[in-house]
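Provided herewith is a single structure, encoded as structure tokens, for subsequent inquiry.
The sequence lines fix the lettering, A, B, ..., with proteins before strands; numbering per chain opens at 1.
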2 protein chains.
Amino acid sequence: MHEEIKDILKRNNLSVTGSREKILSLFLSKAGALAHGDIEKKAGEKFDRVTVYRTLQTFVDKGIIHAIPTADNSIRYALCKDDCSGGHHHDHHIHFVCNHCGNTYCLDDVVTPEVRLPNGYTTSQIEVVVEGTCKACNK
Amino acid sequence: MHEEIKDILKRNNLSVTGSREKILSLFLSKAGALAHGDIEKKAGEKFDRVTVYRTLQTFVDKGIIHAIPTADNSIRYALCKDDCSGGHHHDHHIHFVCNHCGNTYCLDDVVTPEVRLPNGYTTSQIEVVVEGTCKACNK
DNA sequence: TAATATTTTGCAACAATGTTGCTTTTTTCC
DNA sequence: GGAAAAAAGCAACATTGTTGCAAAATATTA
């Protein structure tokens with residue numbers, strides 16, 4: 001487990017540091033997505049805010065995590081399943097925000113649907129965010 | 001035109017005030033969506049920041065405008081075409097962000113596609129944001 | 001392994017964004 | 001026109017995000 005973290009960092013040509021290990025382990029140990037605030041809290045006052053910002057940015061650049069926009073204007077981050085190398089994310093899955101527990105999940109099995117745009121528009125990326133109640137909260 | 005603005009406000013049981021008329025006219029005169037910052041600038045230093053925040057919130061509550069989440073964490077607002085009464089928005093159209101001119105548009109003619117979720121999940125709302133190049137920028 | 005080069009961290013200061021309470025002004029309604 | 005209600009403006013504050021730089025940690029090379 002701990003080795004896996006180091007592996008991921010090394011594979012992406014990143015120095016292995018305390019903050020990176022800690023933040024990455026948070027992502028690995030949690031199913032849902034994390035907002036910047038969550039990470040600051042969960043990391044336990046141990047790291048400077050600036051470090052968290054920079055670490056997240058580094059992870060996004062390297063394609064380790066990706067950002068999920070949500071309606072409440074708080075960006076959340078989640079691990080990229082496949083290898084999104086060099087910041088070029090190709091996550092064709094949709095995102096789900098549970099209105100009950102507040103968690104955000106990547107539904108990796110649900111593929112982004114086709115969208116027919118009017119003439120003249122060209123598409124580079126499609127982001128689908130579904131709100132509702134998740135599996136756990138529906139029980 | 002000016003009367004239309006007053007009409008909209010009155011129809012929603014809102015007092016007719018200078019800031020509301022001004023902000024609403026910005027929305028009516030522009031095709032794309034507006035971010036809070038845009039409005040502050042376009043209103044021409046005339047209104048307090050707090051007033052802009054509160055006016056936008058009021059408009060969202062009344063269903064006059066709706067918020068569009070984007071990847072860069074800046075919420076944009078656009079007029080609701082139909083009457084989304086009492087803050088209960090039913091905008092089933094998709095949103096388009098142009099990477100070239102930066103504008104955000106509501107594509108009212110493009111209906112949100114169906115999304116099949118895994119068992120256990122229930123949907124209350126679907127938000128689709130497409131990034132790419134818009135009609136005007138593709139010319 | 002020790003010395004050096006590189007990278008990352010933490011700090012401080014700052015900028016931007018958003019919020020709250022309260023007083024003054026404006027609008028509405030009679 | 002005057003009273004009641006609503007909104008605007010102001011100040012102060014909280015949160016969030018950014019930048020430059022010195023100190024510390026990590027990686028690299030001999």
### Message
Can you tell me how far apart CG (A:Asn13) and NZ (A:Lys62) are? Round to the nearest 0.5 Å.
### Response
5.5 Å
### Query
How many Å lie between CG on A:Leu56 and P on C:dT9, as a whole number?
11 Å
### Query
At how many degrees, to 10°, do the end axes of the helix from C:dT1-D:dA30 to C:dC30-D:dG1 meet when each uses five pairs?
40°
### Task
Take the protein atom NE2 of B:His36 and the nucleotide atom C1' of C:dA16, then report the distance between them rounded to whole Å.
10 Å
### Query
Any idea how B:His36 and B:Tyr53 line up, ring-wise: parallel (<30°), tilted (30 to 60°), or perpendicular (>60°)?
parallel
### Query
Taking OH from A:Tyr53 and P from D:dT15, how many angstroms apart are they, rounded to a whole number?
12 Å
### Task
Would you kindly give the CZ-to-C1' distance between A:Phe59 and C:dT8, to the nearest whole Å?
12 Å
Short heteroatom pairs, N/O only, protein and nucleotides 4-11 of chain D, under 3.5 Å:
{"from": "D:dA6", "atom 1": "O3'", "to": "B:Ser15", "atom 2": "OG", "distance (Å)": "3.3"}
{"from": "D:dA7", "atom 1": "OP1", "to": "B:Arg20", "atom 2": "NH1", "distance (Å)": "2.8"}
{"from": "D:dA7", "atom 1": "OP1", "to": "B:Arg20", "atom 2": "NH2", "distance (Å)": "2.7"}
{"from": "D:dA7", "atom 1": "O5'", "to": "B:Arg20", "atom 2": "NH2", "distance (Å)": "3.2"}
{"from": "D:dA8", "atom 1": "OP1", "to": "B:Thr17", "atom 2": "OG1", "distance (Å)": "2.9"}
{"from": "D:dA8", "atom 1": "OP1", "to": "B:Ser19", "atom 2": "OG", "distance (Å)": "2.1"}
{"from": "D:dG9", "atom 1": "OP2", "to": "B:Thr51", "atom 2": "OG1", "distance (Å)": "3.0"}
{"from": "D:dG9", "atom 1": "N7", "to": "B:Arg54", "atom 2": "NH2", "distance (Å)": "3.4"}
{"from": "D:dG9", "atom 1": "O6", "to": "B:Arg54", "atom 2": "NH2", "distance (Å)": "2.5"}

#### Entry: Pairing residues for B:Lys135 by the side-chain contact (heavy atoms from CB on, under 4.5 Å) criterion, not counting sequence neighbours
A:Tyr121
## Note on the structure
From CG of A:Asn12 across to P of C:dT7 the rounded distance in Å is 16 Å
#### Entry: side chain to side chain contact (heavy atoms under 4.5 Å, CB included) between B:Asn12 and B:Phe59, intermediate numbers included
CA-CA 9 Å; B:Asn12 287 281; B:Phe59 285 178; over 6 Å; no
### Task
Can you tell me the distance, in whole Å, between the CZ atom of B:Arg49 and the C1' atom of C:dT19?
10 Å
